[in-house]
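Just below is one structure, and these are the notes that go with it.
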Amino acid sequence: MVDSKKTKTGAKDTPKPQVNQMWGGQFSSAPAELLAKINVSVGFDKRLFRQDIRGSIAHAKMLSRQKIITDADSKAIVDGLSAILRDIEAGNFTFNDSLEDVHMNIESALKDRIGEAAGRLHTARSRNDQVATDFRLYVRDAFDAFDAAFMALQRGLIKRAEEHTGTLMPGFTHLQVAQPVTLGHHLMAYVEMFGRDRERIRDARKRMNESPLGAAALAGTSFPIDREYTAQSLGFDGPMANSLDAVSSRDFALEFLAMAAISAVHLSRLAEEMVNWSSVQFGFIRFSDSWSTGSSIMPQKRNPDAAELVRGKSGRMFGNLMSLLATMKALPLAYNKDMQEDKEPVFDTVENLMVCVQAMTSMVLDFAADKEKMEEAASQAYANATDLADWLVRELKLPFRDAHHITAKLVKVASGKGKALEELSLKDMQVIEPKIRKDVFKVLSTIDSVKSRTSYGGTAPDNVRRAIADAKKQYLK
Ligand code: ARG
């Protein structure tokens with residue numbers, strides 16, 4: 001995960017705001033307490049400390065290469081920042097609310113550590129291109145972490161699908177039994193969905209991998225900076241072409257939130273099926289004790305809380321996308337402080353989506369399928385009616401609409417007798433359609449129904465085995 005290492009860096013409340021040392025030159029009094037309160041972001045943007053230090057180191061090295069600052073100052077800055085990074089990671093750093101954000105906290109600590117040279121770091125840079133750079137680096141890390149997490153989920157689904165290429169279950173439409181499928185086929189449907197989520201990740205990552213650093217406040221700078229150098233040293237493909245765009249665009253974060261919202265839908269649908277399937281009414285799957293919770297009053301309960309939370313948390317991820325869309329929609333170019341509101345939705349989505357993907361991966365690997373129960377459900381509710389209609393088309397050359405009509409009549413006869421279609425006698429059938437022969441019974445068993453669905457993408461076990469082999473090649477590299 002992006003910010004997996006916990007630091008002991010709780011933001012400290014400082015009672016009285018002071019004049020900010022970073023920009024307070026023309027100010028004689030401190031900001032109103034409420035201004036300080038609404039302005040402060042370090043409580044959440046301290047998560048960007050690694051990216052901030054990485055960006056500052058690239059910038060300082062570039063400044064000395066370009067003779068904008070001396071090598072000695074550059075070295076002092078780089079060493080100081082590296083020491084600060086170690087301190088933060090070790091939990092020996094206190095973030096201070098009166099310094100507003102992560103950027104000014106780190107710069108101020110650098111000044112305490114190396115003195116005057118620290119003041120040269122911000123040459124040819126603004127917090128506007130600084131924060132845009134930090135946040136891009138953070139979101140890029142998040143994209144990479146999710147690509148790996150979704151791959152692990154796909155691996156789990158593929159493993160379970162492989163175990164269940166021949167496990168029969170009802171396929172549903174409208175949550176009514178429709179036609180028999182296999183559990184392997186059903187699980188592989190999700191492998192495809194998460195595969196597209198990963199494509200969205202890679203596609204967006206490619207588009208966002210350009211460096212805003214060097215755009216400065218909004219207009220670029222008169223210093224002879226080298227934006228190619230900083231872009232390269234931060235792993236970007238190149239510098240962003242327009243300085244106004246560089247400091248004021250957040251579509252990379254929107255694409256991240258959109259990808260996350262869509263994959264939250266996929267996770268939520270799988271979670272919903274797990275909730276249904278693990279109920280007594282379905283009885284298709286059972287979670288082990290590790291993935292079940294009990295009730296404090298009803299001793300018999302085994303609740304699928306984690307699946308419900310995966311389903312439930314999708315709501316906040318949609319909200320996070322909406323929140324940033326609304327924040328951005330009417331902002332004039334270039335930077336506006338509204339944009340400080342870009343971070344919390346992204347942090348919230350990163351943290352919640354990651355726990356959802358990981359929990360889902362574990363649940364996929366955990367459940368035990370009750371094959372008998374599933375097969376029994378697959379052979380009930382006339383799931384083979386389409387097979388009968390198809391036989392009438394194939395063997396008696398009836399138009400499909402007529403075959404549909406005849407089959408519906410046969411279903412009515414069977415349900416009147418409380419029987420399955422295959423339990424009707426040939427005579428019963430011939431009352432409705434005299435040309436029906438006894439070989440019709442060959443297509444009425446659940447396994448034959450499933451085996452017959454050999455069209456590309458269909459549920460026949462051989463097909464599913466092929467799909468699994470293809471998916472391994474495509475996704476598990
Ligand atoms: N904390 C700020 C943010 O997240 C950093 C940029 C501040 N820039 C400024 N011009 N005040 O957006």
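Worth saying up front: this structure is predicted, and the values here are computed from it rather than measured. Order of listing sets the numbers, starting from 1, for every ligand and every atom in it.
- For Tyr475 and Phe150, the gap between ring centers reaches or exceeds 6.0 Å.
- Of the N or O atoms in His103, none lie within a sub-3.5 Å distance of an N or O in ligand 1.
- Between the side chains of Asp245 and Ser249, at least one donor N or O lies within less than 3.5 Å of an accepting N or O.
- By the criterion of a heavy-atom distance under 4.0 Å, the side chain of Lys343, and not its backbone, is placed next to ligand 1.
- Taking both residues in full, the closest heavy atoms of Val42 and Asn96 are given as CG1-O, 4.0 Å, listed atom of the first, atom of the second, then distance.
- Comparing Val247, Asn128, Asp342 against atom 8 (N) of ligand 1, the shortest heavy-atom distance belongs to Asn128.
- Remark: minimum distance from atom 3 (C) of ligand 1 to any protein heavy atom is reached at Tyr335 OH, 3.2 Å.
- A side-chain N or O of Arg465 and one of Thr165 form a donor-acceptor pair less than 3.5 Å apart.
- Listed by number with element, the atoms of ligand 1 under 4.0 angstrom from any heavy atom of Ser41 are 1 (N).
- Among protein heavy atoms, the minimum distance from atom 5 (C) of ligand 1 is reached at Asp101 OD2, 3.5 Å.
- Distance from atom 1 (N) of ligand 1 to its nearest protein heavy atom, with residue and atom name: Gln340 OE1, 2.7 Å.
- Remark: the His59 side chain and the Gln130 side chain contain no N/O donor-acceptor pair separated by less than 3.5 Å.
- Shortest contact from atom 11 (N) of ligand 1 to any protein heavy atom: Arg127 NH2, 3.5 Å.
- Taking the charged nitrogens against the carboxylate oxygens, Asp470 and Arg466 have no contact shorter than 4.0 Å, which rules out a salt bridge.
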